[in-house]
Amino acid sequence: MLDIQLLRAQPEEVAAALLHRGVTLDAAAFSALEARRKEVQTRTQQLQAQRNSLSKQIGQLKARGEDASAVMTEVNAVAGQLQENEAALAQILQEVEALVSTLPNLAHESVPVGKDETANVEVSRWGEPRTFDFEARDHVDVGAALGLDFALAAKLSGARFAVMRGEVARLHRALAQFMLDTHTREHGYTEVYVPYLVSEASMYGTGQLPKFEEDLFSVRHGDGRLLMIPTAEVPVTNFLRGEMVDAQQLPLKFVAHTPCFRSEAGAYGRDTRGMIRQHQFDKVELVRIEHPDNSWAALEELTGHAETILRKLELPYRKLLLCTGDMGFSAAKTYDLEVWLPGQAAYREISSCSNCVDFQARRMQARAKTADGRKVLLHTLNGSGLAVGRTLVAVLENYQQADGSVRIPEALRPWMGGVEVIGKP
RNA sequence: GGAAACGUGGCCGAGAGGUCGAAGGCACUCCCCUGCUAAGGGAGCAUACCGGCAUAAACCGGUAUCGAGGGUUCGAAUCCCUCCGUUUCCGCCA
C-alpha cells in the first residue's frame, strides 16, 4: 500500500511515478475524491459533536429528574442528518481504499525507467556458457531418460505439471536440500515450514489481492475459501502481520522450501514445453524483515545469497536490474537472476529478489519499536534462492553429456550420496 | 462435526449503558535524587482524520477507533445479531 499521506500531498508526482510503472492514476480525480471526503468528513464530525453535546445534556437533565423532551427532538433532527453523512462518508472511504489498494509500489530512484523487459539493465554476468561438442538437447529430452515425465502428469492433472521418478526426483530433492542447508548454515537464515493454503487477508498483506485474483488457485473451505500460495513469500512475510517487533531483534531472516501454485492465466502458449512454467513448482524462498535503514544493503546481500547457489552449482548466469515497467506489484527494486540454458541458448529467470520497503508492511501493519520508543513500519524483502524446478532444468541442460547421462555438480554431490553421474547407459 | 469460553493500548490487565480513549501494573522516554551493577521520586507515553495555525514541527480543540460489520438507545468497550479469530472439552483422524 502506498502512503496515503504522500498521495494526498503530492498526487501529481505520484501519478507521474506510477506512469513509469504502467499505471494511470487520474490525480485530479483523486484529489477531487479526497476533497469530497474531507468535506463530508468535516460535516459528519460537526454533527457528531452536536449530537454528543446534546446527549450529554439529556443525561444531565435526566439525572436531575427534569424534562428532556425538547432536547430529545433536537437531537433526533441531528441524528437524521448524521445518518446520511455517515453513509456518504463510508462510501467515499471505501472508494479511496479500493483505489489505493490497487496501486503498485513506487520504484526506487535507482531503478531504470522503462516500459517492459527490454529496458532491464544487465548488471553483471558470471560464468562462461559451456560449448558442446555435440548438439545440446533441452531438459525435456535429457530428462526423459532419467524419469522426467510430462505425459504422465498430463494424464493425472493436465498441462503444466510434471512427474519425476528415480534419479531426477532425487536430484530435484537434493537441490532443494542443498539450497536450504546453504542458506541456514552459511547465510544465517532460519528454516521455516509454513502452510501452503492461506487466507485472503494474507494474500492481501503481500499484495496478491485484490488485484491478481486470476493468478491464484483457490479451494473451498467451509463457507469460505483458502488460497494456494504462489510463493512462500506470502505465508512467511505474513508472520509479521499486525505485529510489533522489537527493533533490536532485526533483521529476521527466514528460508522456506515450499511448492508454489500459479494459474498462469496470462501465459497461454508461453513456455508450453517442459517445466519452465508450471502450475506447481518448488521454490526455496528467502525472506528478510529489516529495519528501514538497512533494507537496501539487505537487498544486495540477499541477492548475493541467491547468486551463491548458482556459483556453487557452477551455472552461468547474469544479473538484471528490472526497469520500472517490469517489476512486480509490491516491489520498489528488483534484481532478477537469469541462468544460462543451453537447450534454449538463452538466459532464463531463476530468481527474483526484491525490496518492498514499507509497501507490504503498511498493508499488514507490521511495525517495529525502536530503541527510543518510536514505531516504524518494517521493510520486507524476498528472493528466490532458488526456483528448484528451473534449477533442475539448468543442471540437466548444462551438465548433460553426449551419452545422455548427466554429471552432478561437485558441490551438490554430498546431497546426492556421492553420486557423480546419473543416467549412465 | 458437537459444546463452551474469550478477543481492550508495545505487553499484562480492570471496566459490565453517560463523568471512559479507557484504572492499575510492566516496558519505554525525559528530569530529579542517590550512587555501584540496583533502588527511589516526578512527568510523559495509542492511531487516524478534521479544524485552529504561517497549509514545518510542537501545541490547542473536535471526531472516530476496545477483533470486524450491523442493530437497540438521546448516548455502547459495556446490551442484541452476524461474521472472523483464539482457547478448552467431547467426537473423529494422519
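Within every chain, numbering begins at 1; the chains are lettered A, B, ... in the order of the sequence lines, protein sequences first and strands thereafter.
When heavy atoms are screened at a 4.0 angstrom cut-off, L54(A) is found touching no nucleic acid atom at all. At the heavy-atom level, R8(A) lies under 4.0 Å from the strands shown only through sugar-phosphate atoms.
Residue K155(A) places its NZ atom among 12 or fewer non-hydrogen atoms of other residues, nucleotides or ligands, all under 6.0 Å distant. Shown here is E186(A), whose CD atom has more than 12 heavy atoms of other residues, nucleotides or ligands within 6.0 Å. Within 6.0 Å of CD on Q248(A) lie no more than 12 heavy atoms contributed by other residues, nucleotides or ligands. Under a cut-off of 6.0 angstrom, the local environment of CD in E300(A) is crowded, with over 12 non-hydrogen atoms contributed by other residues, nucleotides or ligands. In Q94(A), the CD atom is not crowded: 12 or fewer heavy atoms of neighbouring residues, nucleotides or ligands sit closer than 6.0 Å.
Between the C1' atoms of G9(B) and G44(B), the separation comes to 15 Å (whole Å). Here, C33(B) and A43(B) have their C1' atoms 15 Å apart, quoted to the whole Å. Straight-line distance between the P atoms of C74(B) and C11(B): roughly 37 Å, to the nearest whole Å. Between C80(B) and C20(B), the two P atoms lie 24 Å apart (nearest whole Å). Across the P atoms, G21(B) and G75(B) are found 16 Å apart, a figure rounded to whole Å. With both ends at atom P, the span from A77(B) to A4(B) equals 27 Å, rounded to whole Å. Comparing the P positions of U72(B) and U78(B) gives an interatomic distance of 15 Å, to the nearest angstrom. Distance noted for atom P between A23(B) and G85(B): 31 Å (whole Å).
Between M244(A) atom CE and C26(B) atom C1' the separation is 16 Å, expressed in whole Å. Atoms NZ (K38(A)) and C1' (G51(B)) sit 10 Å apart, rounded to a whole Å. Distance CG (D246(A)) to C1' (G10(B)): 10 Å, rounded to an integer number of Å. Rounded to a whole Å, the NZ atom of K375(A) is 13 Å from the C1' atom of U29(B). In this structure, the CZ atom of R51(A) is 10 Å from the C1' atom of A64(B), given to the nearest Å. Rounded to whole Å, atom P of U63(B) lies 5 Å from atom CG of N52(A). Q48(A) places its CD atom 11 Å from the P atom of A76(B), with the value rounded to the nearest Å. Residue D67(A) contributes atom CG, which lies 14 Å from atom P of C74(B) at whole-angstrom precision.
Stacking of R363(A) on the aromatic ring of Y204(A) is recorded, both the 6.0 Å distance cut-off and the 45° axial limit being met.
Distances shown here put a side-chain N or O of R37(A) below 4.0 Å from the OP1 or OP2 atom of C50(B). Here Q5(A) reaches the OP1 or OP2 of C49(B): one of its side-chain N or O atoms lies under 4.0 Å away.
In RNA chain B, the stems built from three or more successive Watson-Crick or G-U pairs (distances below 3.5 Å) are B:1-7 with B:84-90, B:10-12 with B:24-26, B:28-32 with B:40-44, B:46-52 with B:59-65, B:67-71 with B:79-83.
Comparing Q41(A) and Q45(A), the nucleotide of RNA chain B nearest to each residue sits closer to the 5' end for Q41(A). Heavy-atom distances to RNA chain B give each of Q50(A) and G59(A) a nearest nucleotide, and the one nearer the 5′ end belongs to G59(A).
Proximity of residues 72-95 of chain A to RNA chain B (heavy atom under 4.0 angstrom from any strand atom) is restricted to M72(A), V75(A), N76(A).
No side-chain donor from either of E290(A) and H379(A) sits under 3.5 Å from a side-chain acceptor of the other.
In this structure, R165(A) pairs ionically with D149(A), as a charged nitrogen and a carboxylate oxygen lie closer than 4.0 Å. A salt bridge links R225(A) with E200(A); the closest basic N to acidic carboxylate O contact falls under 4.0 Å.
Using a 4.5 Å cut-off on side-chain heavy atoms (C-beta onward), L252(A) and R288(A) make no contact.
Of the options F239(A), Y189(A), Y193(A), a ring pair (Phe, Tyr, Trp, His ring centres under 6.0 Å) to F254(A) is made by F239(A) and by none of the others.
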